[in-house]
Amino acid sequence: MAAKKQDFPVDQVRHWLEPGPVVLVSSRSGDQTDIMTMGWHTVMEFSPSLVGCVIARANHSFGLIRRSGECVINLPTAALVDSVARIGNSSGAAIDKFAAFGLTPEPAQRVGAPLIRECHASFECRLFDDALVERYGFFVFEVVQAHVARTPRRPQTLHYTGDGAFMLSGKTIRRKALFTKVS
């Protein structure tokens with residue numbers, strides 16, 4: 001039997017609906033770089049590989065990404081939880097986040113924004129569609145190059161649930177036999 005539900009504040013539903021792991025978005029425009037923590041992004045298409053995400057206009061990264069039209073979406077693991085939280089609570093306009101949080105920028109292959117060495121994966125992105133940027137801060141990026149560590153195969157990623165709390169990814173449950181090819 002399902003648990004009885006109760007009313008819940010609609011402005012708090014994101015605590016239940018955050019769609020995926022927290023990522024660190026690195027950007028560069030001219031000689032300025034930044035890293036921002038992002039908890040809201042969504043895969044929109046497989047080929048081309050499109051990812052949509054909201055970046056608040058007040059975020060220092062917004063201007064860098066708007067000017068350059070590119071970024072790197074980096075996937076941190078649980079080992080970086082303190083850095084992820086601190087990055088999300090500081091401004092790249094005031095500090096060099098790479099230096100302040102002991103992260104290593106590495107050159108990307110296809111974009112000017114740096115990869116973050118300490119992250120499990122890095123996805124180089126170019127702006128694909130900006131139709132909703134001015135109104136909602138919603139960017140649609142195309143992943144043009146991907147880099148993923150060989151191990152661990154399923155890293156323990158972070159999922160933000162609000163109020164300074166993170167949930168860790170857990171046990172993998174496979175049901176591949178239940179999936180069929182759709183044409």
Side-chain angles (χ1 to χ4, degrees), residues 18-152 155 157-160:
E18 290 290 348
V22 170
V23 295
L24 295 174
V25 178
S26 53
S27 56
R28 170 176 285 133
S29 179
D31 62 352
Q32 291 186 312
T33 60
D34 195 20
I35 306 170
M36 66 170 279
T37 299
M38 177 185 291
W40 195 92
H41 49 83
T42 186
V43 172
M44 298 178 67
E45 184 62 72
F46 301 125
S47 184
S49 179
L50 301 181
V51 177
C53 56
V54 173
I55 301 173
R57 185 177 305 283
N59 191 304
H60 182 60
S61 292
F62 179 95
L64 299 181
I65 293 168
R66 194 72 175 119
R67 287 190 296 277
S68 69
E70 56 189 33
C71 66
V72 177
I73 298 173
N74 300 275
L75 180 68
T77 60
L80 291 175
V81 66
D82 290 347
S83 294
V84 166
R86 289 183 175 120
I87 287 167
N89 287 283
S90 60
S91 172
I95 63 170
D96 173 348
K97 291 186 186 181
F98 280 98
F101 302 111
L103 298 174
T104 311
E106 292 189 327
Q109 293 177 359
R110 301 192 52 197
V111 301
L115 311 176
I116 300 174
R117 178 189 297 164
E118 291 77 10
C119 287
H120 182 77
S122 298
F123 308 111
E124 299 180 34
C125 299
R126 288 202 182 111
L127 186 59
F128 183 82
D129 188 338
D130 67 353
L132 298 174
V133 170
E134 293 308 313
R135 187 165 185 178
Y136 298 108
F138 188 82
F139 291 76
V140 178
F141 294 108
E142 179 180 3
V143 178
V144 295
Q145 185 72 41
H147 313 272
V148 179
R150 292 177 192 257
T151 60
T157 56
L158 303 164
H159 300 258
Y160 190 64

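Computed from heavy atoms alone, side chains included, the values below leave out hydrogens, waters and symmetry copies.
Every residue two or more places apart in sequence or in another chain that forms a side chain to side chain donor-acceptor pair (under 3.5 Å) with Gln145 is listed here: Gln109. Shown here are the salt bridge (charged side-chain N to carboxylate O under 4.0 Å, His left out) partners of Asp130, two or more places apart in sequence or in another chain: Arg66. Judged as a side chain to side chain donor-acceptor pair (under 3.5 Å), and not counting sequence neighbours, Ser27 has no contacts.
A distance of 11.0 Å separates CD1 of Ile87 from CG of Asp82, quoted to the nearest 0.5 Å. In this structure, CD on Glu106 lies 8.0 Å from OG on Ser122, to the nearest 0.5 angstrom. Separation of atoms CZ (Phe141) and CD1 (Ile65) is listed at 5.0 Å; rounding is to 0.5 Å. Note that the OG1 atom of Thr42 and the CE atom of Met44 stand 7.0 Å from one another [nearest 0.5 Å].
Heavy atoms only, all atoms of each residue included: Val23 and Pro76 are closest at CA-CD, 3.8 Å. A pairwise comparison of heavy atoms in Ile35 and Ser61 identifies C-OG, 4.3 Å as the closest pair. Counting all heavy atoms, side chain and backbone alike, Pro48 lies closest to Glu142 at CB-OE2, 3.5 Å. Pairing each heavy atom of His41 with each of Cys53, the nearest pair is CB-CB, 4.0 Å. The minimum heavy-atom distance linking Ile95 with Ala100 is given by the pair CD1-CB, 3.8 Å. Nearest heavy atoms, Pro155 versus Thr77: CB-CG2, 3.7 Å.
Considering only heavy atoms from C-beta on, Leu80 comes within 4.5 Å of Leu103 through its side chain. Counting heavy atoms from C-beta on, the side chains of Arg110 and Glu70 never come closer than 4.5 Å. Taking the side chain as every heavy atom from C-beta outward, Leu24 and Thr37 approach each other to under 4.5 Å. The shortest distance between side-chain heavy atoms of Glu124 and His147 falls below 4.5 Å.
Using modelled atom types, one side-chain atom of Asn74 and one backbone atom of Ile116 make a donor-acceptor pair closer than 3.5 Å. A donor-acceptor pair under 3.5 Å is formed between the side chain of Glu118 and the backbone N or O of Thr104.
The ring pair (Phe, Tyr, Trp, His ring centres under 6.0 Å) analysis of residues 59-109, with sequence neighbours excluded, yields the pairs Phe62-Phe139. Residue pairs that meet the ring pair (Phe, Tyr, Trp, His ring centres under 6.0 Å) test with at least one member in residues 113-135, sequence neighbours left out, do not exist here. Sorted by first then second residue, the salt bridge (charged side-chain N to carboxylate O under 4.0 Å, His left out) pairs that include residues 86-105, not counting sequence neighbours, are Asp34-Lys97.
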| task | Would you sort out whether Arg67 and Gln32 count as a side chain to side chain contact (heavy atoms under 4.5 Å, CB included), showing the intermediate values? | result | CA-CA 11 Å; Arg67 287 190 296 277; Gln32 291 186 312; 3.6 Å; yes

